[in-house]
Chemist: 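One structure coming up, written as structure tokens, with questions to follow.
Bear in mind that the values here come from a model prediction, so they are computed numbers and not experimental data. By convention in this document, chain letters (A, B, ...) are assigned in the order of the sequence lines, proteins followed by strands, and residues within each chain are numbered from 1.
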2 protein chains.
Amino acid sequence: MESEELRNAGLKVTTPRLKILTLLEKASERHMTAETIYRLLAEGGEVIGLATVYRALAQFEAAGLITRHHFDSGQTVYELERGPHHDHIVCIRCGRVEEFYDKMIEERQREIAASLGFTLSDHALTLYGECNSPDCLAGKG
Amino acid sequence: MESEELRNAGLKVTTPRLKILTLLEKASERHMTAETIYRLLAEGGEVIGLATVYRALAQFEAAGLITRHHFDSGQTVYELERGPHHDHIVCIRCGRVEEFYDKMIEERQREIAASLGFTLSDHALTLYGECNSPDCLAGKG
DNA sequence: CTTGCTTTTGATAATCATTCTCATCTATAT
DNA sequence: ATATAGATGAGAATGATTATCAAAAGCAAG
Ligand SMILES: [Zn+2]
Ligand SMILES: [Zn+2]
Ligand SMILES: [Zn+2]
Ligand SMILES: [Zn+2]
């Protein structure tokens with residue numbers, strides 16, 4: 001249960017934290033901004049201060065429960081840390097986010113870093129393009 | 001000369017624009033924030049309004065003269081568009097930025113996008129790690 | 001080289017996302 | 001149930017970026 005996850009992370013079990021963590025686990029979209037999380041909670045009748053949302057997200061990240069991304073929109077996007085590492089492809093028309101993992105790219109990155117004298121600790125790879133989802137294509141002029 | 005570049009970009013030739021473009025071409029560091037550009041100019045005796053710096057950078061980008069990046073620091077970094085495409089590796093200790101190009105990774109990206117039904121138009125790849133430059137290592141605790 | 005029209009500049013206000021402050025409230029251990 | 005460290009929420013503060021607008025500068029014509 002979510003209470004366990006919070007306790008394991010060394011965080012007190014509070015209503016706001018439970019609501020936010022639950023939303024991150026249940027929401028249909030896995031990649032959300034703090035504003036979106038705040039709004040979705042409010043729409044669901046759970047009014048939690050925006051500052052509290054930001055605080056909880058920072059704590060969850062420190063505890064390794066979630067990760068943050070900076071897509072080109074500029075705004076920070078959060079997602080639940082679940083399953084193995086992956087990178088992202090974002091539709092520049094409708095904003096849809098898909099995930100992928102490519103062993104070859106991951107390996108090349110390590111080789112490149114080593115060849116440049118860096119000890120690799122992290123990376124951010126995001127592809128941008130237009131997707132072929134029916135909803136997205138429908139919006140075409 | 002820089003005047004030509006501005007005219008070709010459809011921009012009037014003005015002193016602030018010339019100074020900014022010249023700095024982008026001459027500075028030892030190719031990747032700079034708007035603030036850094038503003039400060040370097042001011043230190044060189046060329047006081048140009050910060051708003052003008054931001055405006056010029058936006059116009060240069062629209063004209064394809066420069067590109068912008070969002071490294072994990074959050075702040076926007078600008079660099080002169082010169083030579084072929086490349087990606088970046090950033091030292092998380094000293095901030096040094098190196099550039100690299102990997103044909104294999106570029107190709108894989110296109111394949112991945114296609115396999116997910118996306119028409120790839122752009123991408124952002126940044127590696128993070130600790131570099132082995134003497135200056136950087138010296139700062140170690 | 002002046003005139004006149006258009007664009008640009010710079011100071012500053014406004015905006016946006018995010019963080020901080022602090023008085024009040026709450027989770028947990030006794 | 002009580003005490004106490006920690007959490008919350010409202011709103012102020014911050015930092016980066018953009019918008020406003022009067023004054024200044026670029027540019028084409030005469
Ligand atoms: Zn789409
Ligand atoms: Zn993801
Ligand atoms: Zn570069
Ligand atoms: Zn370094």
Chemist: Angle between the two end axes of the helix from dC1(C)-dG30(D) to dT30(C)-dA1(D), five base pairs per end, rounded to 10 degrees?
Modeler: 30°

Chemist: Identify, with sequence neighbours excluded, every residue that meets side chain to side chain donor-acceptor pair (under 3.5 Å) alongside Asp102(A).
Modeler: Arg108(B)

Chemist: Within the structure, does a side-chain N or O atom of Tyr54(B) lie under 4.0 Å from either OP1 or OP2 of dT17(D)?
Modeler: yes

Chemist: Rounded to the nearest angstrom, tell me the gap between atom OH in Tyr38(B) and atom P in dT12(C).
Modeler: 11 Å

Chemist: Drop me the distance from Arg17(A)'s CZ to Gln59(A)'s CD, to the nearest 0.5 angstrom.
Modeler: 4.5 Å

Chemist: Between Glu98(B) and Arg96(B), is there a salt bridge with N-O shorter than 4.0 Å?
Modeler: yes

Chemist: Nearest whole angstrom, please: distance from the P of dA16(D) to the CG of Leu57(B).
Modeler: 15 Å

Chemist: Please give, in whole Å, the distance from dT8(C) P to Leu6(B) CG?
Modeler: 11 Å

Chemist: Does Glu61(B) have any side chain to side chain donor-acceptor pair (under 3.5 Å) partners at least two apart in sequence or in another chain, and if so, which?
Modeler: Arg68(B)

Chemist: Please report the closest heavy-atom contact between Cys131(A) and Arg93(A), naming both atoms and the distance.
Modeler: O-NH1, 3.9 Å

Chemist: Between OG of Ser121(A) and CD1 of Ile92(B), what distance do you get to the nearest 0.5 Å?
Modeler: 3.5 Å

Chemist: For nucleotides 5-13 of chain D, give me one character per nucleotide, 5' to 3': B if any protein heavy atom sits under 4.0 Å from the base, S if the only such contacts are to the sugar-phosphate, - if neither.
Modeler: BSSBBBB--

Chemist: For DNA chain D, find the residues of residues 21-34 of chain B with a heavy-atom distance under 4.0 Å and give them by number; none if there aren't any.
Modeler: none

Chemist: If you link I, L, V, M, F, W and Y whenever their side-chain heavy atoms are under 4.5 Å apart, who else ends up in the same group as Leu11(A)?
Modeler: Leu6(A), Val13(A), Leu18(A), Ile20(A), Leu21(A), Leu23(A), Leu24(A), Met32(A), Ile37(A), Tyr38(A), Leu40(A), Leu41(A), Ile48(A), Leu50(A), Val53(A), Tyr54(A), Leu57(A), Phe60(A), Leu65(A), Ile66(A), Tyr78(A), Leu80(A)

Chemist: Would you please name every residue forming a side-chain contact (heavy atoms from CB on, under 4.5 Å) with His31(B), sequence neighbours left out?
Modeler: Glu29(B), His69(B), Val77(B), Glu79(B), His86(B), His88(B), Val97(B), Glu99(B)

Chemist: Roughly, in whole Å, what's the span from CG in Leu50(A) to C1' in dT21(C)?
Modeler: 16 Å

Chemist: Looking at DNA chain D, which of residues 61-81 of chain A put a heavy atom within less than 4.0 Å of it?
Modeler: none

Chemist: Could you pull out all residues at least two apart from His123(B) that satisfy ring-ring contact (aromatic ring centres under 6.0 Å, His included)?
Modeler: His85(B)

Chemist: If you link I, L, V, M, F, W and Y whenever their side-chain heavy atoms are under 4.5 Å apart, who else ends up in the same group as Ile112(B)?
Modeler: Ile89(A), Phe100(A), Ile105(A), Ile112(A), Leu116(A), Phe118(A), Leu120(A), Leu125(A), Leu127(A), Ile89(B), Phe100(B), Ile105(B), Leu116(B), Phe118(B), Leu120(B), Leu125(B), Leu127(B)

Chemist: Does Thr36(B) have any side chain to side chain donor-acceptor pair (under 3.5 Å) partners at least two apart in sequence or in another chain, and if so, which?
Modeler: Thr33(B)

Chemist: Looking at Arg110(A) and Glu106(A), does any basic side-chain N land under 4.0 Å from a carboxylate oxygen?
Modeler: no

Chemist: Can you list the residues that meet the side chain to side chain donor-acceptor pair (under 3.5 Å) rule with Arg82(B), with sequence neighbours excluded?
Modeler: none

